[in-house]
S.K.: 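Here it is, the structure in full.
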Amino acid sequence: MVARELLGQRLVRILNGQRLAGIIVETEAYLGVEDRAAHSFGGRRTARTETMYCDGGTTYVYLNYGIHNLLNVVTETVDAPTAVLLRAIEPVEGIDVMYKHRPKIRNDSGLCSGPGKLGAALAIDRSHDRLDLVTSPVLFIERTRTRPLAKNKITATPRIGVDYAGFWATRPLRFHLTGNKHVSARSV
DNA sequence: CCTCTGATCTTCT
DNA sequence: GAAGATCAGAGGG
């Protein structure tokens, strides 16, 4: 599953010619039309969710709670609306700029440890919706490995903030690097 | 440590 | 008109 493959890879944002980058440490999978927690549940196809029906490697950015821009990666093929939400990264490049985007934060572990935080730190907004991560000059992912991670390096738990989704809220579709200090607060 | 709440606005009913 | 893939601060233990 792509949500696992993305862990440990490097997310790169180019802003004013400078690299802002971090290692992906936490993701959540949203599984298409069956998944009650996904925007595409039931085959819903609207102006917003249309992006989820794009080809794999496309970004899906939407505004959450009127405040936060959340970054997803579409993971399958055209018309298969599955995506992975990037929930946290461990900052490694351009950290000083990230702090400017998050003026109230004092330590690295609070910079990008949540989907809304990550969006703010990297200055991602809806202008970054529906970008091709393979060709985009401003947002892309660099491979840090090609082998799958060992199973004990990854912890899987239920997703966060989807209690309304019943059975789907109980499924272990949230993944993070075991023991990493930069995952979002509610971790196991 | 924990729980509660306001902020803020797009999207869909 | 209501809900929402969240965050940070306040208040209590």
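In what follows, chains carry the letters A, B, and so on, assigned in the order in which the sequence lines appear, proteins first and then strands, with residues in each chain numbered from 1. Just the heavy atoms: all of them, side chains too, but no hydrogens, waters or symmetry mates, feed the values below.
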S.K.: Rounded off to whole Å, could you give me the NE2-to-P distance for the A:His101 and C:dA8 pair?
M.R.: 15 Å

S.K.: Report yes if the side chains of A:Arg10 and A:Ile24 come closer than 4.5 Å at any heavy-atom pair, otherwise no.
M.R.: no

S.K.: Looking at A:Tyr99, I'd like to know if the NZ or CZ of A:Arg106 sits under 6.0 Å from its six-membered ring centre while staying within 45 degrees of the ring's axis.
M.R.: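 Not satisfied by the 6.0 Å and 45° rule.
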
S.K.: Answer yes or no on whether A:Arg45 is positioned over the face of A:Tyr53, meaning its NZ or CZ is under 6.0 Å from the six-membered ring centre and within 45° of the axis.
M.R.: yes

S.K.: Which heavy atom in A:Leu111 sits nearest to a heavy atom in A:Ile95, and how many Å separate them?
M.R.: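 Closest approach of A:Leu111 to A:Ile95: CD1-CG2, 3.8 Å.
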
S.K.: How close or far is atom P of C:dG4 from atom CG of A:Leu85, stated in whole angstroms?
M.R.: 16 Å

S.K.: Identify which nucleotide among C:dA8, B:dT10, C:dA5 has an atom closest to any side-chain atom of A:Leu63, counting heavy atoms from C-beta outward.
M.R.: B:dT10

S.K.: Over all strands shown, is A:Gly116 touching base, sugar-phosphate only, or nothing at heavy-atom distances under 4.0 angstrom?
M.R.: sugar-phosphate

S.K.: Need one value for A:Arg126: base, sugar-phosphate or nothing, where a base atom within 4.0 Å counts as base even if backbone is also close, heavy atoms only.
M.R.: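 Touches sugar-phosphate only.
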
S.K.: Within the pair A:Arg102 and C:dA8, is there a side-chain N or O less than 4.0 Å away from OP1 or OP2?
M.R.: yes

S.K.: Could you give the OH-to-P distance, from A:Tyr62 to B:dC9, as a whole number of Å?
M.R.: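 After rounding, the reported distance stands at 17 Å.
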
S.K.: Whole angstrom is fine here: how far is it from CG in A:Leu70 over to C1' in B:dC9?
M.R.: 14 Å

S.K.: Would you say C:dT6 has OP1 or OP2 under 4.0 Å from some side-chain N or O of A:Arg87?
M.R.: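 For C:dT6, OP1/OP2 do have a side-chain N/O of A:Arg87 under 4.0 Å.
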
S.K.: Name the closest nucleotide to the A:Lys104 side chain, picking from C:dG9, C:dT6, B:dC9.
M.R.: C:dG9

S.K.: Report each atom pair, protein N/O against N/O of nucleotides 2-7 of chain B, whose distance is under 3.5 angstrom.
M.R.:
none

S.K.: To the nearest Å, how far apart are A:Leu31 CG and C:dA5 C1'?
M.R.: 13 Å

S.K.: Can A:Glu142 and A:Arg19 be counted as an ion pair, charged N to O under 4.0 angstrom?
M.R.: yes

S.K.: To the nearest Å, how far apart are A:Asn72 CG and C:dT6 P?
M.R.: 11 Å

S.K.: Tell me if the CD atom of A:Gln18 is crowded by more than 12 foreign heavy atoms within 6.0 Å.
M.R.: yes

S.K.: Exactly one of A:Glu50, A:His39, A:Arg130, A:His128 should register a side-chain hydrogen bond (donor to acceptor under 3.5 Å, both in side chains) with A:Tyr60. Which one does?
M.R.: A:His39

S.K.: Can you tell me which stems DNA chain C forms, taking runs of 3 or more consecutive Watson-Crick or G-U pairs with both distances under 3.5 Å?
M.R.: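 So far as stems of 3 or more pairs are concerned, DNA chain C shows B:1-7 with C:6-12, B:9-12 with C:1-4.
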
S.K.: So do A:Thr82 and A:Met52 actually touch side chain to side chain, heavy atoms under 4.5 Å?
M.R.: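 Sidechains of A:Thr82 and A:Met52: no contact.
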
S.K.: Just how far, in rounded Å, is P of C:dG4 from CD1 of A:Ile160?
M.R.: 16 Å

S.K.: Where do A:Thr155 and A:Thr157 come nearest, in terms of heavy atoms and distance?
M.R.: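 In terms of heavy atoms, the two residues are closest at CG2-CG2, 4.0 Å.
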
S.K.: Side chain of A:Met52 only, please: which of C:dA5, C:dT6, C:dC7 is the nearest?
M.R.: C:dA5

S.K.: C:dG4, B:dT13, C:dC7: which one has an atom nearest the side-chain heavy atoms of A:Arg44?
M.R.: B:dT13

S.K.: At 4.0 Å (heavy atoms only), tell me whether A:Leu173 reaches a base, stays on the sugar-phosphate, or touches nothing.
M.R.: nothing

S.K.: Round to the nearest Å and state the distance from A:Ile105 atom CD1 to C:dT6 atom P.
M.R.: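 Between P of C:dT6 and CD1 of A:Ile105: 17 Å.
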
S.K.: Output yes when a side-chain donor or acceptor of A:Thr59 lies under 3.5 Å from a complementary backbone atom of A:Leu131, and no otherwise.
M.R.: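 It does hold such a pair.
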
